[in-house]
Amino acid sequence: MKYENYIKLEFPSKSCNEALARSVAGVFAAQLDPTIEELGDIKTAVSEAVTNCVVHAYPDSIGKIMLRCRILQDDSIEIVVRDWGKGIEDIQKARTPLYTTGGEDRSGMGFTIMESFMEKVTVRSRPGEGTTVVMTRMLPRRKRGR
Amino acid sequence: MKIQTKYADGMLLVYLSGELDHHTAKTILTEIENALNRYLPRQCVLDLTGLRFMDSSGIAVILRLQRQMKQMEGEMWIIHPGSQPGRVLDASGIDGIVQVKTLESEKSK
């Protein structure tokens, strides 16, 4: 599908960039005139995906994270979070609620929250090569306002 | 992320403001755990009035604290979550484990 606008951001997997990433996604999504709740949902989903990169993709080092947001022609927002890190052995297991490889500091709810707050979430990964998470959500308010 | 604690009559009140995510979670958890170990309260109340944002890292913090309160045979409460933190609490199903009180749930009584 064609897109109306996009931004692409690259940053190192430092935890201080989690807030940066969700702010950027939020500011970009504002073009679609979302409600406060929709904006919160998008920022939360981005926060979860980026945190997964920081915690799991690069557990012992700092690596690259790419965030790309696009506004598609059907008034949906598509968000891609990509890393070139550790990768996921079993994607289905990783997406199980409460499952985590991160020990007792993690809740295992990252994917659950992404799936609750975005309409579609796809995950592609290869161990040793990295992971790509694509999330989309319709934000039709702008269309209704026209 | 700002944190303020107050202790009186067996209750530890913790005021959180700002954003609770993976980056801020460890510091917050350490501060609250220090306060729990210092005061050994019967109740720990997290007041989220000033909390603008929380993700699942915040849920992990809450679960850790709830486990500690349970070990101490105490109670844990979450009060006044705002819109976004409230949605994350709902999505996590945590209100089956920790008492969550909002202004709405108080008014409806």
Side-chain angles (χ1 to χ4, degrees), chain A residues 11-23 25-26 29 34-59 62 65 81 94-95 97-118 121, chain B residues 1-2 16-33 36 46 48-71 76 78 80-98 100 102 104:
Chain A
F11 51 92
S13 61
K14 295 182 169 189
S15 61
C16 56
N17 287 330
E18 290 153 9
L20 171 73
R22 58 179 184 255
S23 292
T35 63
I36 291 177
E37 287 76 23
E38 286 167 338
L39 203 55
D41 287 357
I42 289 166
K43 289 173 75 170
T44 311
V46 169
S47 197
E48 299 293 351
V50 170
T51 299
N52 276 349
C53 299
V54 173
V55 172
H56 299 294
Y58 306 109
I62 301 287
I65 300 173
V81 176
R95 290 179 75 159
L98 303 176
Y99 176 82
T100 181
T101 55
E104 59 169 30
D105 282 342
R106 309 302 304 157
S107 69
M109 304 223 64
F111 278 122
T112 304
I113 291 191
M114 282 185 249
E115 287 159 12
S116 299
F117 288 5
M118 300 296 283
V121 178
Chain B
M1 181 75 232
K2 283 208 189 90
L16 295 180
S17 58
E19 305 195 339
L20 178 52
D21 63 2
H22 166 247
H23 179 63
T24 57
K26 196 154 193 179
T27 312
I28 292 303
L29 184 62
T30 303
E31 282 220 40
I32 303 175
E33 282 180 335
L36 290 181
L46 292 187
L48 304 188
T49 308
L51 194 67
R52 285 190 311 266
F53 176 87
M54 183 176 81
D55 65 11
S56 69
S57 302
I59 300 295
V61 167
I62 292 168
L63 289 173
R64 275 280 290 260
L65 295 172
Q66 193 275 335
R67 274 200 293 272
Q68 190 165 346
M69 286 309 295
K70 198 173 172 192
Q71 272 175 1
M76 184 152 152
I78 297 172
H80 309 322
S83 166
Q84 187 277 340
R87 286 173 72 74
V88 173
L89 289 167
D90 283 344
S92 73
I94 204 172
D95 57 353
I97 306 170
V98 177
V100 181
T102 60
E104 284 71 29

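Reminder, nothing fancy here: chain letters follow the sequence lines and each chain counts from 1. All values below come from the heavy atoms of this structure, side chains included, with hydrogens, waters and symmetry mates left out.
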Does the distance from a Lys or Arg side-chain N to an Asp or Glu carboxylate O, for Arg22(A) and Asp21(B), drop under 4.0 Å? yes

When rounded to the nearest 0.5 angstrom, what is the spacing between CG in Leu98(A) and CG in Leu63(B)? 8.5 Å

Where on Ser92(B) is there a heavy atom nearer than 4.5 Å to chain A: the side chain, the backbone, both, or neither? both

Would you say Glu48(A)'s side chain and Asp55(B)'s backbone share a donor-acceptor pair under 3.5 angstrom? no

Segment of Arg64(B) engaging chain A (4.5 angstrom heavy-atom cut-off): side chain

Interatomic distance, CD@Gln84(B) vs CD1@Ile36(A), rounded to 0.5 Å, equals 12.0 Å

Side chain, backbone, both or neither: which part of Val61(B) has a heavy atom under 4.5 Å from chain A? neither

Under 4.5 Å heavy-atom distance to chain B, tell me which part of Asn17(A) shows up: side chain, backbone, both or neither. neither

Identify which part of Val50(A) has an atom lying under 4.5 Å from any heavy atom of chain B, answering side chain, backbone, both or neither. neither

Looking at Ser47(A), Ala19(A), Gly40(A), which makes the most heavy-atom pairs under 4.5 Å with chain B? Ser47(A)

Hydrogens and angles aside, do Thr51(A) and His22(B) bring a side-chain donor and acceptor to less than 3.5 Å of each other? no

Could you walk me through whether Arg106(A) and Ser57(B) satisfy the side-chain contact (heavy atoms from CB on, under 4.5 Å) test, starting with their C-alpha distance in whole Å, then the side-chain angles of each, then the deciding distance to 0.1 Å, before giving a yes or no? CA-CA 7 Å; Arg106(A) 309 302 304 157; Ser57(B) 302; 3.4 Å; yes

Can you measure from NZ (Lys26(B)) to OG (Ser15(A)) and round to the nearest 0.5 angstrom? 10.5 Å

Under 4.5 Å from any heavy atom of chain B - which part of Ser116(A): side chain

N/O donor-acceptor pair under 3.5 Å between Glu37(A) side chain and Ser83(B) backbone: no

Heavy-atom proximity to chain B below 4.5 Å, by part of Ala45(A): neither

How close do Met109(A) and Ser56(B) get, counting heavy atoms only, and between which atoms? CB-CB, 3.9 Å

Got a second to check how far Ile113(A)'s CD1 is from Arg87(B)'s CZ, nearest 0.5 Å? 11.0 Å

